[in-house]
Amino acid sequence: MMTKRRIVVDVRSDGTIAAATHGYAGPTCLDAVSLIEDLVQAPIESSALTDEFYRPVDAEIAQVQDFNEDGAS
Amino acid sequence: MSIEVLLIPLGIAAYSALKEHWRSDLCEGCRQTRVTERSLLVEALETLGATSIEHNGETITADIKGRSVRFQLVEGVYLGRVDSGADHETRALIATVNEAAGRVMQAAKVDEMRLRAAQLGLSLVGEEISEDGTVQLVFEQEVE
């Protein structure tokens with residue numbers, strides 16, 4: 001079964017960039033970090049895991065399905 | 001959402017990396033910009049309508065609205081001033097140049113990401129500009 005994952009990138013007018021992952025269950029979101037670096041072509045200044053990182057994978061997948069249905073906010 | 005990251009593109013300095021005290025003797029009357037690369041500074045000056053832009057080593061000079069301005073690369077960051085100008089004029093120049101450089105970088109990064117996404121297996125599924133000028137790009141990846 002195919003799963004959709006999202007990366008939301010905010011490119012600010014001062015040139016700095018913030019990015020967040022959606023749907024990368026648990027520690028797999030760490031894989032997304034290198035993908036973000038490749039996409040943005042910029043070094044990471046700081047990073048933070050959100051509370052959802054620590055949720056069980058099943059809960060994360062359910063949330064992603066909800067997110068995909070609702071779209072990014 | 002599982003992880004959030006902040007990225008600072010090459011060419012601009014992170015706010016946290018800017019020094020409060022720098023060697024003012026290396027550029028008298030100057031103030032610190034956030035720009036670290038010559039090409040970005042030149043492009044920012046061009047967007048501001050600067051003329052007679054010349055660079056010699058680590059120094060860039062130009063004319064903006066009839067005023068001569070000078071920038072000097074000191075310890076990896078450009079300092080700048082309005083020649084024979086008051087400090088408030090130099091501060092206004094630096095703020096304007098920083099804003100212009102940010103917009104130049106923003107436009108370049110948005111264009112780069114649009115092109116690079118497909119190469120990385122990502123689809124651009126959303127794009128929005130907020131009131132503060134932030135461009136939000138939403139990329140999607142399908143995995144098994």
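In what follows, every chain begins at residue 1, and chains take the letters A, B, ... in the order their sequences are listed. Side chains included, hydrogens not; waters and symmetry mates left out as well; all remaining heavy atoms used.
- Of the listed residues A:Thr16, A:Leu39, A:Asp14, the one with more heavy-atom pairs under 4.5 angstrom with chain B than any other is A:Leu39.
- Counting non-hydrogen atoms of neighbouring residues, nucleotides and ligands closer than 6.0 angstrom, the CG atom of B:Asn56 reaches no more than 12 such neighbours.
- The backbone N or O of B:Arg70 sits nowhere less than 3.5 Å from a side-chain atom of B:Arg81 that would complete a donor-acceptor pair.
- A 6.0 Å sphere centred on CD of B:Glu128 holds no more than 12 heavy atoms belonging to other residues, nucleotides or ligands.
- Of the options B:Leu40, B:Thr36, B:Val42, a side-chain contact (heavy atoms from CB on, under 4.5 Å) to B:Arg38 is made by B:Val42 and by none of the others.
- Using a distance-only test at 3.5 Å, with no hydrogens or angles considered, no donor-acceptor pair links the side chain of A:Lys4 to the main chain of A:Gly23.
- In this structure, no portion of B:Val104 lies under 4.5 Å from any heavy atom of chain A.
- For the options B:Gly133, B:Gly102, B:Ala101, heavy-atom pairs under 4.5 Å to chain A are most numerous at B:Gly102.
- Each of B:Leu120, B:Leu7, B:Thr134 has some count of heavy-atom pairs under 4.5 Å with chain A, and the biggest count is that of B:Leu7.
- Only the side chain of B:Leu122 comes within contact range of chain A, with heavy atoms under 4.5 Å apart.
- Most heavy-atom pairs under 4.5 Å with chain B, from the set A:Val33, A:Asp38, A:Ile36: that is A:Asp38.
- Proximity to chain A (any heavy atom under 4.5 Å) is shown, for B:Asn98, by neither the backbone nor the side chain.
- Of the atoms belonging to B:Ala14, it is side-chain heavy atoms, and not backbone ones, that fall under 4.5 Å from chain A.
- With B:Thr51 as the partner, the side-chain contact (heavy atoms from CB on, under 4.5 Å) test is satisfied by one option alone out of B:Leu45, B:Asp63, B:Ile64: B:Asp63.
- Among B:Glu142, B:Arg116, B:Gln119, the residue making the largest number of heavy-atom pairs under 4.5 Å with chain A is B:Arg116.
- A donor-acceptor distance shorter than 3.5 angstrom exists from the side chain of B:Thr33 to the backbone of B:Tyr78, with no hydrogens or angles considered.
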